[in-house]
Each structure stands twice: as structure tokens, then as C-alpha cells.
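All chains are named by letter (A, B, ...) in the order of the sequence lines, taking the proteins before the strands, and each is independently numbered beginning at 1. Every value quoted in this text rests on a predicted model; they were computed, and no experiment measured them.
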There are 2 protein chains.
Amino acid sequence: MAAGPCTVANNLYCDQAMCEQCNYARLLKNADLEATANRLHVMEVVGGNNCPLTAAEIFHTISRTQPINQVTVYRILELLVEQNLLERITIGGRAAHYGMAPNEHHAPHPHFICTRCAAIDCLSPECLSVDMENLRKTFSGEVERVEVRVEGICRNCLKGGGKK
Amino acid sequence: MAAGPCTVANNLYCDQAMCEQCNYARLLKNADLEATANRLHVMEVVGGNNCPLTAAEIFHTISRTQPINQVTVYRILELLVEQNLLERITIGGRAAHYGMAPNEHHAPHPHFICTRCAAIDCLSPECLSVDMENLRKTFSGEVERVEVRVEGICRNCLKGGGKK
DNA sequence: GATCCGATGCAATAGATTTGCATGAATATT
DNA sequence: AATATTCATGCAAATCTATTGCATCGGATC
Ligand SMILES: [Mn+2]
Ligand SMILES: [Mn+2]
Ligand SMILES: [Zn+2]
Ligand SMILES: [Zn+2]
């Protein structure tokens, strides 16, 4: 079953997820990457969506208007994650999801996954604060990233019973 | 490449991860599940390890002493996760990992994954506190679980350069 | 023009998990 | 006792996701 994209309207959800401010070509150039049509399409699809997408979803979205190979999508996604333009988000299902990596326009934020209908939503950065002082002080390794995932039942499923 | 289990000794790591206090047969009975030999083996392997394991790792561990089918392991894992005896932990790689679910002997805790050597470790419950007040107050759905995953470079990799 | 390189396509493969179907043991029903 | 039901398990095949190997092609470089 595919995760329905962002079906749950809620004042907590992050409106920074969709990006009208990012200049994708410039982001690519800054990372020393050629701004090919395919890479721009991937960036536009991911940045233009308000919740993280799977490689398959990205592929199908692009395919509606442009010819592209699925392997190309995988390779571009891997490259862009490596270069910190995109972020790979692990939702719990089998497929990885991709969203904009934190940058000047996108603050890191937790994600919510409904255990009933599998809907995914970006939560606002402020809705949940993580105190890492204790960790930073005592952890002997180097912390690069903290990913927070909230699981539960979405508003839709609570009232309507949710799709399916 | 397989994640090396728990190579990083650190005072932050959770010593509650391994379980000598849980009575697996009783846990199964309480969940109205027959305490079959295979189910007990799965519980023992997971509970006896100090970090979460993949289905393949659990299967191979059991197989060293008992005949069991890999599909059986998958089915048992799914069942025990459903019944909240085990917890499915999404590490980022392709394979899911499994650990004891929170119970009287096991507090929920974050996990650390080394981005260099893929080592996984259970962090102590206290090392990182999450303030969910704001979330609970404003979130219109129901929160069941909050999973925190810390990514970074482990102590081993920082000094030695890490395996591989 | 010859050569090199990076991006892409296509086919095959790999890895993880799930599904379909059969069996056999235990329990319940007639 | 015979029959039916249930459930755990095994085995084979299928499915889903992602990766790898190899060919091509256009642009940059020599
Ligand atoms: Mn997001
Ligand atoms: Mn753990
Ligand atoms: Zn839902
Ligand atoms: Zn490491």
C-alpha cells in the first residue's frame, strides 16, 4: 500500500516543506553538480511537495511530463543525499522517502506517520523539542543528525475511520 | 554490508537492553500467544542481545542450534511486534531491526547509528530528553510512539578509522 | 578528428519481505 | 472413534525496492 501524501491538514504541519524560495539550479551549482534537466526535475518534485516522497513517487511524477529512467532517479537521489541537498527519511515501510535537506529555507523537523493509513506529514520544527545537552556532553562519538519520528493515529483515522 | 552489533562500548549505552528479567513464556501467555519453541527462541535471541538485530541475524543465530525456517522468523517477528512484545526499529538500511518493546524492564530509548561503519547502539533512556508537551497539546491526532535516531560517527571510527 | 568523461538508459541481479499452498499436530465437535 | 477446525510451520514462488554492469551519447578537451 502506498502512503497517501499529506492528507492530514493540521496547524502543526510544516509549511516550510514546500519550497518556493530555493533556487535548485544554484543549489546544484554550489555543490559542484551539473544542473541537468533530470536533476532539476527531481529537485522540483521533491521541493514542490509538502511531504517526503518515495523514489517511485518521484519517478512517476516526473514521468507524467518527461521521459526518465527509474534508475536515473535512484542515482540522482543518492547523489543529492550525499551532497546534502536532499534528505533520506526512513518511514518504517520498505521504501525510503526523500525531502529537502535542512538549509536556510528548511529547518530540520520531525515526521508523523499514521499507523492506520500510513499517511506521512512533516511536523513543524517547534512542535517538539529535543534536549541534546546530555547527549552532546557525554557521548564519545560525533553527532551528525537526530531524526525524530512520531507514530500514531492521524486525525482523519481517529474520526472517519481512515481510508482503507 | 552487515551492521556490526554493538562494537562501541560507551557509558551512555543502555544496559537494560539485554534482558535477564523478562520471562518470555509469560510475556507470550499474557498476550494470548502459544509459547512455542520457535517463538521462545526468537524472544531469547532478541532479548539476549544488547542491540537490535535484523531478521536474518536472528534467523542465523537460532539456526546455529535449532532448525527453523526464515519465513517462520519473519512471521514470528511480525506477530510479536503486533502484540507489542518486540519493537521494530528502522535503522536506515534496507533491513528492519528488532529489539525488546518497552515494558517494565525496558524503557524506551534512542538508537545511535554510525554513518561510517553502520554500528548500531542503544543509547540510555536518559541521555536525550524529548519534550512532547507542545506536540501533545496541539497535535490533533493520537501519539503512540516517538522514535529518536541519532546518526553520527562512532568512537571507534573517530579514532581508528573504523572497520572497512 | 580522436579522446575522455559524466549522465543516462536498459537489462540483469541482489536483498528483504511477503504470499500461496501443503503438512502435521493439537484441539474441538459430532 | 471419526471428523472437522485451528494454528504453527515449512517450502517455493512472487513481490517490492534498490543496485550493478555494460552500452551509448553528447559535450568538453586535446
Ligand atoms: Mn519533512
Ligand atoms: Mn535498543
Ligand atoms: Zn491515518
Ligand atoms: Zn563507526
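Atom pair L28(A):CG and dA7(C):C1' shows a separation of 13 Å (rounding to whole Å applied). Rounded to whole angstrom, the span from the CD atom of Q83(B) across to the P atom of dA8(D) amounts to 11 Å. Between L80(B) atom CG and dT9(D) atom P there is a gap of 10 Å when expressed in whole angstrom units. For the pair I68(B) CD1 and dT9(D) C1', the interatomic distance rounds to 9 Å; values are reported in whole Å. Atom pair I62(A):CD1 and dA7(C):P shows a separation of 16 Å (rounding to whole Å applied). One interatomic measurement links the two molecules: CG of L77(A) to C1' of dT8(C), which rounds to 15 Å at whole-angstrom precision.
Only at 4.0 angstrom or more do the heavy atoms of residues 32-43 of chain B sit from any atom of DNA chain C, so none qualifies.
When only modelled atom types and interatomic distance are considered, T36(A) and E34(A) share no side-chain donor-acceptor pair under 3.5 Å. For the 3.5 Å distance criterion, the side chains of T90(A) and E147(A) fail to qualify, holding no donor opposite an acceptor.
When side chains are defined from C-beta on, D131(A) does not count as touching D131(B), because their heavy atoms never get closer than 4.5 Å. Using a 4.5 Å heavy-atom threshold, the side chains of M43(A) and L27(A) count as touching. Between C154(A) and R116(A) there is no side-chain heavy-atom pair separated by less than 4.5 Å. For the pair T61(A) and N49(A), the minimum side-chain heavy-atom distance is 4.5 Å or more.
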Footprint string (nucleotides 13-30 of chain D, 5' to 3'): B base within contact, S backbone only, - free, heavy atoms under 4.0 Å: ---SSBBBB---------
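Look at N69(A) and you'll find a side-chain N or O under 4.0 angstrom from OP1 or OP2 of dC10(C).
Once rounded to the nearest 0.5 Å, the distance linking CE of M100(B) with SG of C122(B) reads 11.5 Å.
If you run side chain to side chain contact (heavy atoms under 4.5 Å, CB included) between Y98(A) and each of I76(A), V45(A), V81(A), L53(A), only V81(A) comes through.
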